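Side chains included, hydrogens not; waters and symmetry mates left out as well; all remaining heavy atoms used. Along the sequence shown, the residues carry numbers beginning at 1. Each ligand, and each atom within it, is numbered from 1 in the order the structure gives. Since the model is a prediction, treat every value here as computed from it, not as a measurement.
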Amino acid sequence: MNIYTQCCGILLLLIVLWFYGNQKRLHLNTGEAFLRTLLVGLSSIILDALSIVVICNMEHLSEFFVKAVCKTYLASLVILALCAVHYICTDIYTKKVEYRKAFYYNLVIAVIAIAVIYISPIYIHCEKGGTEVYTYGVSVMTAYAAALINLVINTILLIWKKSVIRPSRRKAMLFWMLIWIGAAVIQFFNNEILLVGFGEALGIMILYIKLENPEVNLDRQTGLFNQTALTRYMRQLSNREKHFSLVLMVLEYSFYKNISQESETAAEMEMINYIFTVPGTMAFKTAGDEIMLLYENEATAEEGLRILRKRFERGWGKDESVFKRPFWIYLPDSAVLKDVKDITQLIKHARQNSKELIDNGFLQIDKELADEMYRTRDMEQVIFNAIERNWITVYYQPIYSTKENKITSAEALVRITNEEGKVVPPYDFVWVAEKNGMMLRLGEIIFDKVCEFIRDAKPEQYGIQYIEVNLSTIQCAHELFAENCIASMEKYGVRPNFINLEITETAAIGAKNVVLSNMQKLIDYGVSFSLDDFGTGESNLNYIAEMPVAIVKFDRTMINSYFENGKAKYVMDAAMHMIHGMNLEIVAEGIETKEQFEVMKSLGISYIQGYYFSRPIPEQAFIEYIRDYKEE
Ligand code: C2E
Ligand code: MG
Ligand code: MG
């Protein structure tokens with residue numbers, strides 16, 4: 001009786017089953033599909049061996065029984081091939097509708113094939129004292145054909161859906177299919193070589209080692225699930241349209257008296273083991289000092305969070321001597337995420353933008369915060385596209401000199417265009433570009449464009465004496481800022497006194513030394529500076545004294561309060577007095593009416609800027625404006 005290969009196969013699968021059953025596992029779709037394949041595979045090889053045993057003992061058994069065993073084995077082959085289809089479809093199709101379509105065709109083929117296997121005749125060949133045993137006939141042919149069709153469909157799916165499966169997974173699955181098809185083909189042409197059973201076992205073993213080993217989902221040090229596992233699990237829940245809650249524990253701080261490394265590790269293990277005991281908690285180690293807890297609903301999450309926060313008030317380890325003070329970031333409802341992979345970005349955004357976390361060590365992420373993250377991200381894309389495709393333009397707003405009674409300068413104001421061709425105003429994107437550092441590149445482009453405009457349009461021929469260019473704080477604080485500006489002016493042949501750079505008070509906070517050194521280099525070169533946004537924020541007059549500026553720009557909000565509020569008049573009068581005392585000029589911004597213009601002029605303000613003269617306009621329109629400008 002030749003059942004050695006089957007016995008080897010059974011042994012292999014029992015080993016796999018033992019390992020798989022004893023490991024900590026995440027309830028993933030593919031894991032369930034694998035377990036099903038493993039169990040059907042095992043039953044199939046057992047049936048294979050059993051059919052040989054019953055054939056060899058045919059004379060003692062009824063023919064009906066022997067044939068029924070053989071046919072059941074054949075049916076199990078078809079079911080096994082169907083399990084493989086199920087496994088692969090689970091991996092490829094995340095949407096239920098698509099999955100059903102792909103799987104149900106194969107199911108129909110399998111059901112018909114099994115019916116034919118049981119109805120049609122089977123013949124048994126048993127010679128040489130049971131060493132040459134095989135079955136043949138329509139029943140056998142049908143089993144082979146159906147299994148082969150399923151396996152070939154699988155192979156085609158793997159090749160066709162290439163883009164949705166990771167290459168390593170795809171390779172392992174293709175290898176698995178090839179082993180099965182190869183074993184089936186060999187056995188089909190050489191009936192007496194019973195390879196199919198062993199091939200099945202080998203295929204499942206490869207699947208286990210390469211794809212389903214639960215170890216890949218575990219963090220070695222702590223035994224918690226890892227980041228890969230979290231991503232896979234969240235994706236699965238989201239594909240099933242299930243909401244979940246997350247709690248991120250950031251364990252940055254621990255306090256303890258002089259204790260050994262060993263005691264510290266023991267305290268850590270105690271903490272991890274405690275987390276396992278909190279009802280409904282699934283814990284994932286996502287980074288060195290971060291543990292993400294996942295809950296299938298908000299109520300369990302809140303209860304879990306309460307239990308954990310309470311327990312963390314006490315210490316861990318021997319004599320409870322190790323204290324850990326985690327930050328807690330709580331996302332009650334995953335529905336605020338457009339895609340589960342956005343979670344990392346959302347947490348990063350929350351951490352960067354919340355004072356609450358610093359103050360209380362606890363932060364709850366709501367829809368508003370998530371929407372803000374998405375808006376910022378969309379805006380980053382708009383800025384990135386604008387830089388890549390040169391969708392950046394500079395508008396100019398004329399500035400009137402009350403001493404010369406004409407337009408003598410202008411402020412350069414950036415505009416970018418989005419995919420729909422709409423102009424995006426700077427209030428919407430400058431802060432985003434400042435935050436992510438793109439403002440450095442953007443600032444260089446703007447400055448280059450201004451220099452190019454001065455070279456090509458020659459605004460000096462229409463009485464323009466200088467152009468004001470806005471600077472962001474991060475530009476001024478860049479080590480090479482002055483050098484880069486000078487290089488641009490030289491490249492376009494722009495005289496330095498044609499440039500006035502607008503900085504804000506915030507430039508004086510932070511990297512003050514670098515800012516001042518950049519300013520000094522540029523002033524030595526011949527460039528002048530203005531202090532923008534005066535009258536907003538803290539408006540500390542000390543900054544004016546410290547900063548080597550020639551002009552102070554009164555913000556529109558300050559001008560508006562001057563006209564609306566009696567007391568504000570005195571504030572502005574005093575500021576004006578001091579600024580003039582320092583021998584600096586003033587620009588009044590946001591002047592919209594003739595009345596406002598007249599008042600500012602009578603106060604002795606040197607420069608006036610606002611819609612009263614013109615809104616910021618494109619290059620060509622600006623040139624036409626200054627060319628045709630006549631005082632009314
Ligand atoms: P800002 O430098 O104080 O510029 C003045 C803003 O007030 C401009 O808005 C201008 O269009 C607006 N404005 C001028 N006159 C009037 C008026 O009479 N009424 C009203 N309602 N508004 C008036 P804009 O162009 O939207 O720029 C907003 C801010 O964005 C600027 O404030 C500046 O802080 C920043 N920004 C603009 N361009 C640049 C740039 O090239 N680089 C940097 N770093 N920031 C820029
Ligand atoms: Mg400005
Ligand atoms: Mg301003």
Side-chain angles (χ1 to χ4, degrees), residues 379 383 386-387 391-400 407 409-417 422-453 466-478 481 485 488 499-507 515 528-537 539 549 551-564 585-597 599-600 605 607-619 621-622 625:
M379 195 45 83
I383 303 169
I387 293 178
W391 287 347
I392 300 165
T393 42
V394 180
Y395 278 27
Y396 294 86
Q397 188 178 30
I399 299 175
Y400 178 88
I407 305 290
S409 61
E411 177 172 2
L413 294 152
V414 65
R415 300 290 182 265
I416 62 175
T417 315
K422 281 201 190 115
V423 173
V424 186
Y427 283 122
D428 291 346
F429 69 85
V430 167
W431 65 274
V432 179
E434 278 178 345
K435 228 181 212 171
N436 69 10
M438 279 199 256
M439 196 62 220
L440 282 179
R441 181 75 199 108
L442 205 56
E444 277 171 15
I445 298 174
I446 297 163
F447 195 70
D448 260 24
K449 284 190 186 283
V450 172
C451 290
E452 193 180 11
F453 168 70
Y466 61 91
I467 303 277
E468 294 181 2
V469 186
N470 288 283
L471 293 184
S472 116
T473 311
I474 65 159
Q475 281 174 279
C476 315
H478 191 265
F481 173 67
C485 271
S488 278
I499 298 288
N500 175 284
L501 297 173
E502 292 187 7
I503 57 161
T504 56
E505 294 170 353
T506 45
V515 174
S528 63
F529 281 86
S530 297
L531 185 74
D532 202 0
D533 294 352
F534 186 80
T536 60
S539 282
V549 293
I551 299 173
V552 177
K553 299 193 77 169
F554 281 4
D555 193 75
R556 186 164 61 94
T557 48
M558 186 169 173
I559 304 287
N560 285 345
S561 357
Y562 182 87
F563 288 103
E564 283 159 14
E585 305 283 8
I586 296 172
V587 177
E589 281 189 303
I591 301 301
E592 294 187 352
T593 63
K594 191 166 171 54
E595 183 219 342
Q596 289 177 334
F597 167 71
V599 174
M600 289 297 131
I605 289 199
Y607 297 103
I608 295 180
Q609 176 184 354
Y611 292 176
Y612 172 61
F613 291 101
S614 165
R615 285 173 179 262
I617 42 180
E619 291 177 355
F622 172 70
Y625 180 90

Less than 4.0 Å is my threshold; does some heavy atom of M439 fall inside it relative to ligand 1? yes
For ligand 1, is any non-hydrogen atom under 4.0 Å from L413's backbone (N, CA, C, O), its side chain (CB onward), both, or neither? both
I need the I608 CD1 to E589 CD distance, nearest 0.5 Å. 12.0 Å
Write down the atom of F622, the atom of A410, and the distance for their closest heavy-atom approach. CZ-CB, 3.4 Å
Students should be able to answer this: which protein heavy-atom is nearest to atom 36 (N) of ligand 1, and at what distance? P426 CB, 3.9 Å
Pick one of side chain, backbone, both or neither for how K553 approaches ligand 1, counting any non-hydrogen atom pair under 4.0 Å. neither
Separation between CG of L413 and CD of E468, rounded to the nearest 0.5 Å: 9.5 Å
The Mg ion (ligand 2) is nearest to which N, O or S atom of E502? OE1
E411 atom (N/O/S) at minimal separation from the Mg ion (ligand 2): OE2
Counting both backbone and side chain atoms, is some N or O of D532 under 3.5 Å from an N or O of ligand 1? yes
For Q609, give me all partners under side chain to side chain donor-acceptor pair (under 3.5 Å), at least two apart in sequence or on another chain. Q397, E411, K553
Going by the order shown, which atoms of ligand 1 are within less than 4.0 Å of some heavy atom of D533? 3 (O)
Atom 12 (C) of ligand 1 protein-contacted (non-hydrogen atom, under 4.0 angstrom): no
Please check this pair: side chain of N470 against backbone of A412, looking for a donor-acceptor N/O pair closer than 3.5 Å. yes
Top protein contact for atom 5 (C) of ligand 1, by heavy-atom distance: E589 OE2, 3.5 Å
If the threshold is 4.0 Å, N to carboxylate O, is there a salt bridge linking K449 and E452? no
Restricting to N/O/S, name the atom of E589 that gets closest to the Mg ion (ligand 3). OE1
Pick whichever of Y611, W431, Y427, F534 has a heavy atom sitting closest to atom 29 (C) of ligand 1. Y427
Quick test: of every protein heavy atom, which one is nearest to atom 41 (O) of ligand 1, and how far off is it to 0.1 Å? I446 CD1, 3.4 Å
Euclidean distance, I499 CD1 relative to C485 SG, rounded to 0.5 Å: 8.0 Å
Under 3.5 Å between any N/O of R415 and any N/O of ligand 1: does that happen in this structure? yes
Would you mind listing which atoms of ligand 1 come within a distance below 4.0 Å of any non-hydrogen atom of E502? 2 (O)
Measuring from the heavy atoms of P616, does anything fall under 4.0 Å of ligand 1? yes
Determine whether the side chain, the backbone, both or neither of R615 has a heavy atom under 4.0 Å from any heavy atom of ligand 1. neither
What do the steps show when you test F453 against Y396 for ring pair (Phe, Tyr, Trp, His ring centres under 6.0 Å), and what is the final call? CA-CA 11 Å; F453 168 70; Y396 294 86; 4.4 Å; yes
Name of whichever N/O/S atom of D532 is nearest to the Mg ion (ligand 2): OD2
To the closest 0.5 Å, what do you measure between OG (S409) and CD1 (I551)? 7.0 Å
Can you tell me if E411 contacts ligand 1 (heavy atom of the residue under 4.0 Å from the ligand)? yes
Nearest heavy atoms of E434 and I474, plus distance in Å: O-CD1, 3.8 Å
When you compare ligand 1 with Y612, is there at least one nitrogen or oxygen pair between them that comes in under 3.5 angstrom? no
Examine S530 and say whether one of its N/O/S atoms is closer to the Mg ion (ligand 2) than 2.8 Å. no
With side chain to side chain contact (heavy atoms under 4.5 Å, CB included) as the test, would you mind laying out the steps for Q596 and Y612 before giving the verdict? CA-CA 9 Å; Q596 289 177 334; Y612 172 61; over 6 Å; no
Can you tell me which residue and heavy atom of the protein come closest to atom 46 (C) of ligand 1, and the distance to 0.1 Å? N470 CB, 3.7 Å
Location of contacts on Q397 toward ligand 1, heavy atoms closer than 4.0 Å: side chain
What part of L471, side chain from CB on, backbone N/CA/C/O, both or neither, has a heavy atom under 4.0 Å from ligand 1? backbone
I'd like to know whether Y562 forms a ring pair (Phe, Tyr, Trp, His ring centres under 6.0 Å) with F554, so could you lay out the CA-CA distance, the side-chain angles of the two residues, the decisive distance to 0.1 Å, and finally the verdict. CA-CA 11 Å; Y562 182 87; F554 281 4; 9.3 Å; no
Run F613 and Y625 through ring pair (Phe, Tyr, Trp, His ring centres under 6.0 Å) and show every step you take. CA-CA 10 Å; F613 291 101; Y625 180 90; 7.8 Å; no
Measuring from non-hydrogen atoms of Q609 to any atom of ligand 1, is the shortest distance under 4.0 Å? no
State, to 0.1 Å, how close G443 and Q475 come at their nearest heavy-atom pair, and which atoms those are. CA-NE2, 3.2 Å
Of all the atoms in ligand 1, which lie at a distance below 4.0 Å from a heavy atom belonging to S472? 44 (N)
Closest approach of I586 to I605 (non-hydrogen atoms, all atoms of both residues): O-CG2, 3.7 Å
If you have a sec, work out which protein heavy atom is nearest atom 38 (N) of ligand 1 and how many Å separate them, to one decimal? V414 N, 3.1 Å
Can you list the ligand 1 atoms lying under 4.0 Å from a non-hydrogen atom of E592? 17 (C), 18 (O), 19 (N), 20 (C), 21 (N)
Could you grab the distance from atom CE of M379 to atom CD1 of I416, nearest 0.5 Å is fine? 6.5 Å
